[in-house]
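A short write-up of the structure that comes next.
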Amino acid sequence: MNPTEPSETAQTVVIYTDGACKGNPGPGGWGAMLTSGGTVKELFGGELGTTNNRMEMMAVIEALTALKRPCRVILHVDSQYVLKGMTEWIAGWKARGWRTAARQPVKNVDLWQRLDALVTGSGHQIEWVWVKGHDGDPGNERADVLANKGVERALGRL
């Protein structure tokens with residue numbers, strides 16, 4: 001077995017992520033809730049001059065970075081941008097030298113490259129799940145609360 005792949009007994013981690021921005025661009029925050037067994041870990045942070053898409057991506061990056069060994073990950077996002085970027089668009093972007101089908105530079109390429117490196121180099125087995133935002137899903141609602149705490153931290157209020 002490859003040591004960078006999850007074993008048959010690999011830990012399963014359920015992750016919910018979300019991003020928030022007050023103004024787009026403006027101050028933003030990201031939040032992530034990771035659960036495994038009976039353990040819950042909550043993460044959040046933010047930046048002053050950012051966009052909602054960047055915060056959505058940072059939530060996933062920070063959540064995956066927090067995992068210390070290869071895991072089975074069920075990753076819930078409410079961002080079609082992140083979901084489609086990772087499951088549909090990224091292969092074409094990489095094949096075109098990080099350019100879109102219209103030959104324009106990919107926006108947020110720095111974060112896409114970080115996310116790609118995490119996904120391909122971590123050994124995690126990731127199942128990407130889209131969840132409708134602000135629709136009562138408890139994990140998504142908690143990630144939203146955390147993302148808004150990230151905005152407050154960025155603004156120096158927390």
Backbone N or O of [Y] within a donor-acceptor pair of the [X] side chain at under 3.5 Å?
{"X": "Ser79", "Y": "Val82", "answer": "yes"}
{"X": "Asp18", "Y": "Gly31", "answer": "no"}
{"X": "Thr100", "Y": "Val106", "answer": "no"}
{"X": "Glu141", "Y": "Gly136", "answer": "yes"}
{"X": "Arg96", "Y": "Arg103", "answer": "no"}

message = Going by side chain to side chain contact (heavy atoms under 4.5 Å, CB included), name the residues that satisfy it together with Val129, two or more places apart in sequence or in a different chain.
response =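 Val129 satisfies side chain to side chain contact (heavy atoms under 4.5 Å, CB included) with Ile74, His76, Glu127 only.
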key: Test log, rule side-chain hydrogen bond (donor to acceptor under 3.5 Å, both in side chains), inputs Asn53 and Lys107   = CA-CA 10 Å; Asn53 283 341; Lys107 291 181 181 173; over 6 Å; no
message = Run Cys21 and Thr50 through side-chain contact (heavy atoms from CB on, under 4.5 Å) and show every step you take.
response = CA-CA 7 Å; Cys21 214; Thr50 192; 4.2 Å; yes
ask   = Charged N to carboxylate O under 4.0 angstrom, Asp110 versus Arg54?
value =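 Between Arg54 and Asp110 there is a salt bridge, with a charged N closer than 4.0 Å to a carboxylate O.
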query = Is Asp116 salt-bridged to Lys94, cutoff N-O under 4.0 Å?
reply = yes
inquiry  = Same cluster or not: Leu118 versus Val60, using hydrophobic residues (I, L, V, M, F, W, Y) connected whenever any side-chain heavy atoms lie under 4.5 Å apart?
reply    = yes
message = Is there a path of hydrophobic side-chain contacts, each under 4.5 Å between heavy atoms, that joins Val109 and Met58?
response =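 Same cluster: Val109 reaches Met58 through Ile, Leu, Val, Met, Phe, Trp or Tyr contacts under 4.5 Å.
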Looking only at heavy atoms, what is the nearest atom pair of [X] and [Y], with distance?
{"X": "Ile61", "Y": "Leu111", "answer": "CD1-O, 3.7 Å"}
{"X": "Ala154", "Y": "Gly28", "answer": "CB-O, 4.0 Å"}
{"X": "Lys149", "Y": "Leu158", "answer": "O-CD2, 3.5 Å"}

query = Would Asn140 and Asp78 satisfy side-chain hydrogen bond (donor to acceptor under 3.5 Å, both in side chains), going step by step from the backbone distance to the final call?
reply = CA-CA 8 Å; Asn140 179 256; Asp78 66 3; 3.2 Å; yes
query = So does Arg142 have more than 12 non-hydrogen atoms from other groups sitting under 6.0 Å from CZ?
reply =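 Enclosed: over 12 neighbouring heavy atoms sit under 6.0 Å from CZ of Arg142.
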task = Evaluate the side-chain contact (heavy atoms from CB on, under 4.5 Å) criterion for residues Asp137 and Tyr16: first the C-alpha distance (whole Å), next the side-chain angles of each, then the deciding distance (0.1 Å), finally the verdict.
result = CA-CA 10 Å; Asp137 181 291; Tyr16 283 85; 3.2 Å; yes
query = Does the gap between the ring centers of Trp112 and Trp98 come in under 6.0 Å?
reply = no
side-chain contact (heavy atoms from CB on, under 4.5 Å) between Trp30 and Glu56, intermediate numbers included = CA-CA 6 Å; Trp30 57 266; Glu56 294 280 0; over 6 Å; no
inquiry  = Could you go through Val13 and Ile15, starting from their C-alpha distance and side-chain angles, then the distance that decides it, and tell me whether this counts as side-chain contact (heavy atoms from CB on, under 4.5 Å)?
reply    = CA-CA 6 Å; Val13 181; Ile15 301 174; 3.8 Å; yes
